[in-house]
**Q** 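The structure is given below, and queries will be raised subsequently.
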Amino acid sequence: MARFILSLMELGVSATVHLLFGFYVFSTAVAADISQAAAASGCLLLRRPAAAGAGLVNVASAGEEEEQRGAAPVVLDGSPPPIVLVHGIFGFGKGRLGGLSYFAGAEKKDDRVLVPDLGSLTSIHDRARELFYYLKGGQVDYGEEHSKVCGHARFGRTYDTGHYPVWDEQNPVHFVGHSAGVQVARVLHQMLADKAFPGYDTSEDWVLSLTSLSGALNGTTRTYYDGMMAEDGRSMKSICLLQLCRIGVIVYDWLDIPWLKNYYNFGFDHFEMSWRKVGFSGLIDLLLGHTGPFASGDWILPDLTLQGSLKLNSTLRTFPNTFYFSYATKRTRKLFGITVPSSVLGIHPMLFLRVLQMCMWRHPQNTPLPYKGYRDEDWEDNDGALNTISMTHPRIPIEHPNRFVLDDSDCHPLQPGIWYYKVIEADHILFIINRERAGVQFDLLFNEVIEFVLSRYVTTYKHIDDYPVVALY
């Protein structure tokens with residue numbers, strides 16, 4: 001009983017902290033939109049007072065208008081290759097949440113940076129399919145077999161004009177993925193190699209480089225604290241943070257308030273959960289887990305468990321002509337041989353509890369280990385969302401070619417097909433949403449990443465000295 005009460009208290013604290021952070025992000029975006037709307041229409045409002053309540057309607061629609069402006073296709077030509085910033089879980093692209101930037105304005109550093117808006121909670125597979133059509137154009141095709149198995153519509157949003165329609169071997173792209181976004185880029189890369197898009201002669205050479213920022217390359221033990229079952233990595237505990245999330249998402253999509261979904265969308269439109277489609281009985285089925293993405297498992301959390309990542313990684317290759325870079329993050333250190341948070345003030349309040357918990361993670365006894373050679377102590381260092389061991393390079397079920405960048409002189413020459421990685425002191429969200437938190441570190445990181453891949457082709461780099469270094473630990 002005492003353990004159950006303690007779990008409920010932890011759930012209450014976690015839910016409150018996450019809701020407060022979500023409210024902060026949402027209110028920040030709304031406040032920015034209100035400010036912009038007031039600046040644009042202030043004079044008119046002063047001359048002609050609006051009817052009671054009309055001002056609120058105008059403010060509410062500001063997010064939708066901003067989304068429509070931001071979503072206008074920015075069509076790029078072929079040279080130099082563009083950078084595509086791929087957001088992580090609960091993320092958003094250009095045009096969502098008004099003028100707020102998931103990458104804290106990093107995309108403004110160059111006009112050849114694209115920030116696609118993908119499903120924030122949809123599966124890695126579905127997001128990869130959406131990313132292809134965002135760049136190339138056309139109607140999103142999730143695949144006939146996959147759609148039947150997962151119980152959703154085969155086709156999704158239509159991009160009348162792709163943001164990079166000339167994309168091919170001669171006009172490749174650079175992918176930069178944060179958190180789960182890097183797995184989206186890797187899955188898409190594999191789909192290109194497998195020619196998985198009917199009507200397009202794709203290949204692995206469509207991707208010039210792939211950079212991982214705190215990337216979920218091997219899953220995370222945090223998923224088990226949030227509510228995924230460690231026994232199988234797919235089912236959820238009956239009482240947990242993810243169950244609260246599931247209920248909230250279902251109700252949000254079922255209500256289907258147009259201006260609100262234009263402002264922020266979890267990405268499940270292809271599951272057709274709106275009350276207009278399923279009615280009240282459909283809502284009951286969704287909440288009971290009979291239908292929808294949470295029933296079929298076609299959402300992002302199963303892909304982020306250690307078991308899900310092993311299954312995903314078993315199909316993904318590191319390609320010999322692509323350059324790979326990885327920035328792993330951590331906010332832990334050793335104290336008398338015990339892994340503990342390395343800072344109190346330096347860790348975002350939303351992540352501190354998880355940093356502490358992930359330091360103490362122990363895989364349940366009498367359950368199969370997630371992979372051969374698994375050890376609890378390897379997964380103690382973390383950044384509050386992902387384990388540091390997961391972020392360096394793909395390592396389960398097999399370790400991909402890699403090199404730890406400790407001293408540049410040890411890494412001559414820079415070669416494709418190898419994951420070059422470093423570990424920097426940061427929590428999981430230091431480089432997104434709020435650039436003031438990272439300070440000068442933000443500009444150091446993104447300036448070097450963006451200038452590196454845009455100022456010159458990666459293939460012209462012959463020495464690791466040319467590779468930007470932020471910090472080495």
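Owing to the predicted nature of the structure, the values given are computational and were not obtained by experimental measurement.
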**Q** Check each of Val182, Leu131, Leu316 against Val187 using the side-chain contact (heavy atoms from CB on, under 4.5 Å) test, and report the only one that passes.
**A**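 So the option named by the test is Leu316.
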**Q** Do Asn218 and Tyr371 meet the criterion of a side-chain donor-acceptor pair at a distance under 3.5 Å?
**A**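 Tyr371 and Asn218 do not have a side-chain donor-acceptor pair below 3.5 Å.
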**Q** Among Trp254, Tyr142, Phe294, exactly one meets ring-ring contact (aromatic ring centres under 6.0 Å, His included) together with Phe268. Which residue is that?
**A**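 That would be Phe294.
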**Q** Using ring centroids (six-membered ring only for Trp), state whether His348 and Phe21 fall under 6.0 Å.
**A**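 Ring-ring flag for Phe21/His348: true, centres closer than 6.0 Å.
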**Q** Between Thr315 and Gln190, do the side chains contain a donor N or O and an acceptor N or O under 3.5 Å apart?
**A**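 No, no side-chain donor-acceptor pair sits under 3.5 Å.
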**Q** Looking at Thr339, is its backbone amide N or carbonyl O close enough to the side chain of Thr332 to form a donor-acceptor pair, meaning the two atoms are under 3.5 Å apart?
**A**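 Judged by distance alone, no pair lies under 3.5 Å.
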**Q** I'd like to know if the side chain of Ser101 and the backbone of Ala106 have a donor-acceptor N/O pair within less than 3.5 Å.
**A**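 No; zero donor-acceptor contacts below 3.5 Å.
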**Q** Would Asp298 and Ser123 count as having a side-chain donor-acceptor pair, cut-off 3.5 Å?
**A**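 The answer is yes; a qualifying pair exists.
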**Q** Tell me yes or no: between the side chains of His178 and Tyr102, is some donor less than 3.5 Å from an acceptor?
**A**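 Checked: His178/Tyr102 side chains pair up, N/O donor to acceptor below 3.5 Å.
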**Q** Could you go step by step and tell me if Lys261 and Asp269 meet the salt bridge (Lys or Arg N to Asp or Glu O under 4.0 Å) rule?
**A** CA-CA 10 Å; Lys261 289 193 69 175; Asp269 290 347; 2.7 Å; yes
**Q** Can you find a side-chain donor-acceptor pair between Arg354 and Asn382 that sits under 3.5 Å?
**A**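 Short answer, no.
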**Q** Is the distance between the ring centroids of Tyr200 and Phe132 under 6.0 Å?
**A**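 Centroid distance Phe132-Tyr200: below 6.0 Å, so yes.
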**Q** Closer than 3.5 angstrom, by distance alone: can the side chain of His428 be matched with the main-chain N or O of Asp383 as a donor-acceptor pair?
**A**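 No, the answer is negative, given that no donor and acceptor are paired below the 3.5 Å cut-off.
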**Q** Going by atom types only, do His146 and Asp126 share a side-chain donor-acceptor pair under 3.5 Å?
**A**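 Yes, a side-chain donor-acceptor pair sits under 3.5 Å.
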**Q** Are Ser14 and His18 close enough that a side-chain donor and a side-chain acceptor fall under 3.5 Å?
**A**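 Not at all, the side chains of Ser14 and His18 share no donor-acceptor pair under 3.5 Å.
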**Q** So, Tyr374 and Asp376: side-chain donor and acceptor under 3.5 Å apart, yes or no?
**A**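 Side chains of Tyr374 and Asp376: pair found under 3.5 Å.
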**Q** Is the cationic atom of Arg129 (NZ for Lys, CZ for Arg) positioned less than 6.0 Å from the six-membered ring centroid of Phe197 and within 45 degrees of its normal?
**A**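 Yes, cation above the ring, under 6.0 Å and within 45°.
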**Q** Is there a donor-acceptor pair closer than 3.5 Å between any side-chain N or O of Arg127 and the backbone N or O of Leu121?
**A**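 Checked: no pair found.
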**Q** Below 4.0 angstrom, N of the basic side chain to O of the carboxylate: do Asp117 and Lys94 qualify?
**A**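 Salt bridge: no.
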**Q** Please determine, by modelled atom types, if Thr223 and Thr305 share a side-chain donor-acceptor pair under 3.5 angstrom.
**A**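 Result is no, nothing qualifies.
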**Q** Less than 3.5 Å apart, any donor N or O on the side chain of Ser212 or Tyr421 sitting next to an acceptor on the other?
**A**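 Result is no, nothing qualifies.
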**Q** Can you tell me if Lys195 has over 12 outside heavy atoms packed within less than 6.0 Å of its NZ?
**A**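 Count over threshold, so yes.
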**Q** Determine whether the aromatic ring centres of His393 and His400 lie less than 6.0 Å apart.
**A**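 No: the rings miss the under 6.0 Å criterion.
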**Q** Answer yes if the ring centres of Tyr252 and Phe266 are under 6.0 angstrom apart, and no otherwise.
**A**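 Yes, the ring of Tyr252 comes within the 6.0 Å limit of the ring of Phe266, centre to centre.
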**Q** Does the gap between the ring centers of Phe92 and Phe90 come in under 6.0 Å?
**A**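 Not close enough - the centres of the two rings lie 6.0 Å or further apart.
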**Q** Have Thr388 and Asp381 got a donor and an acceptor in their side chains that come within less than 3.5 Å?
**A**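 No - no donor-acceptor pair under 3.5 Å links their side chains.
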